[in-house]
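The structure under discussion appears below in the form of structure tokens.
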Amino acid sequence: MKQLVLIIALALFAITTFAQMCDQVVIEGKSSVKMAPEQYIFNVRISVSDSNYTTCANLALKEAEKIASEFKRNGIDKDLVKTQNYSIREIREHDYVTKKLEFKGYQAEIPIIIKTVADYEKNDIIFEIIKNNFEANFNLSFALTPAQTDEVKAKLISLAVEDAHQKAKIIAESSEIKLGNISKIQYGEPQLIRGFSNTSYELQTEQIMIRGSGKIGGTNALNPSEIEMSTSIIIAWQIEE
């Protein structure tokens, strides 16, 4: 008996919910926008090793000071150069004779990030400084600037709303109904179609790995591929009697 009551209650709930939905036309508007990124992000990493902890720490700091001085000497805006963190760890390697992890010293690392824009006149100088002072790989990635992000988001929302209105109009005409006022709008943040994104919209579309000892042309030779973003917006219209 209890099961029958429960089934009847669920059926009534479903009928009521459907009836409420039938009073509205709910449309999902979609949009996508492509834009060539104008932000350049140089990622480099200072890495030194030594058997003594203090010596290792000091070597890393000296390397950081050397690089900072080189940037300053070449007129690179110091506000563009940021240190992400500073870490020191033990290096232990497996010894196949003793079958144990043997202590080999310490390694200190200081990741550095330099953010500029495409038309920054000293991008090539930054390129050269990095190539001449870093033995390990570094990468150059591309992202939307904050201004570009705002522009893309505004376009996406506008186009998604327009798409929803067009779909609603076609559905209303085809179904011979009249749409009333908008009763609800639901919107989610834009999503990156190609590449990856994070919450601050630093959208990385491409990475170029470069050996520190190699030769490469200037940044003018680079042509970052476009970033494509998409979004959707759900709009509900009341159906007029």
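Small disclaimer: the values here were computed from a predicted structure and weren't measured.
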Rounded to the nearest 0.5 Å, what's the gap from [atom1] on [X] to [atom2] on [Y]? Could you check?
{"X": "L179", "Y": "Q238", "atom1": "CG", "atom2": "CD", "result": "10.5 Å"}
{"X": "M229", "Y": "S31", "atom1": "CE", "atom2": "OG", "result": "9.5 Å"}
{"X": "M35", "Y": "E226", "atom1": "CE", "atom2": "CD", "result": "9.0 Å"}
{"X": "R45", "Y": "Q84", "atom1": "CZ", "atom2": "CD", "result": "7.5 Å"}
{"X": "F127", "Y": "N132", "atom1": "CZ", "atom2": "CG", "result": "11.5 Å"}
{"X": "L140", "Y": "I114", "atom1": "CG", "atom2": "CD1", "result": "10.0 Å"}

Point to revise | side-chain contact (heavy atoms from CB on, under 4.5 Å), paired with I110, selected from V48, I88, T83 | key: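 The single option meeting the side-chain contact (heavy atoms from CB on, under 4.5 Å) with I110 is T83.
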
Review point. Between N43, I130, V44, which is the residue that forms a side-chain contact (heavy atoms from CB on, under 4.5 Å) with I112?
Key: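 That would be V44; it is the only one of N43, I130, V44 passing the side-chain contact (heavy atoms from CB on, under 4.5 Å) with I112.
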
Does a side-chain heavy-atom distance below 4.5 Å link [X] with [Y]?
{"X": "Y187", "Y": "I157", "answer": "yes"}
{"X": "I76", "Y": "K122", "answer": "yes"}
{"X": "Y86", "Y": "L61", "answer": "yes"}
{"X": "I239", "Y": "I177", "answer": "yes"}
{"X": "I113", "Y": "F42", "answer": "no"}
{"X": "E38", "Y": "Q148", "answer": "yes"}
{"X": "S230", "Y": "K30", "answer": "no"}

Is there a path of hydrophobic side-chain contacts, each under 4.5 Å between heavy atoms of I/L/V/M/F/W/Y residues, joining [Y] to [X]?
{"X": "F103", "Y": "I91", "value": "no"}
{"X": "L101", "Y": "Y106", "value": "no"}
{"X": "I67", "Y": "L59", "value": "no"}
{"X": "I235", "Y": "I170", "value": "no"}

Minimal non-hydrogen separation, [X] against [Y], with atom names:
{"X": "A236", "Y": "Q24", "answer": "CB-OE1, 3.3 Å"}
{"X": "P37", "Y": "I227", "answer": "CB-CD1, 4.0 Å"}
{"X": "I126", "Y": "Y120", "answer": "CD1-CE2, 4.0 Å"}
{"X": "A108", "Y": "A60", "answer": "CB-CB, 3.7 Å"}
{"X": "E228", "Y": "S32", "answer": "OE2-OG, 3.7 Å"}
{"X": "A143", "Y": "I41", "answer": "CB-CD1, 3.8 Å"}

Review point. Cut-off 3.5 Å, side chains only: do Q39 and T116 have a donor facing an acceptor?
Key: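 Side chains of Q39 and T116: no pair found under 3.5 Å.
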
Practice item. Provide the full list of salt bridge (Lys or Arg N to Asp or Glu O under 4.0 Å) pairs with a residue in residues 155-170, sequence neighbours left out, each pair given once. Key: E151-K155, D163-K167

Revision key, fill the gap. Contacts satisfying salt bridge (Lys or Arg N to Asp or Glu O under 4.0 Å) that involve residues 52-70 (not counting sequence neighbours) are E70-R73

**Study point:** Step-by-step side-chain contact (heavy atoms from CB on, under 4.5 Å) determination, F71 to D77
**Key:** CA-CA 8 Å; F71 282 133; D77 185 353; over 6 Å; no

Practice item. Using the side-chain contact (heavy atoms from CB on, under 4.5 Å) rule, take I185 and I234 through it: C-alpha gap first, then chi angles, then the decisive distance, then the call. Key: CA-CA 6 Å; I185 297 177; I234 297 174; over 6 Å; no

Point to revise | Enclosure of N181 CG (heavy-atom neighbours >12, cutoff 6.0 Å) | key: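 No, the 6.0 Å shell around CG holds no more than 12 heavy atoms from other groups.
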
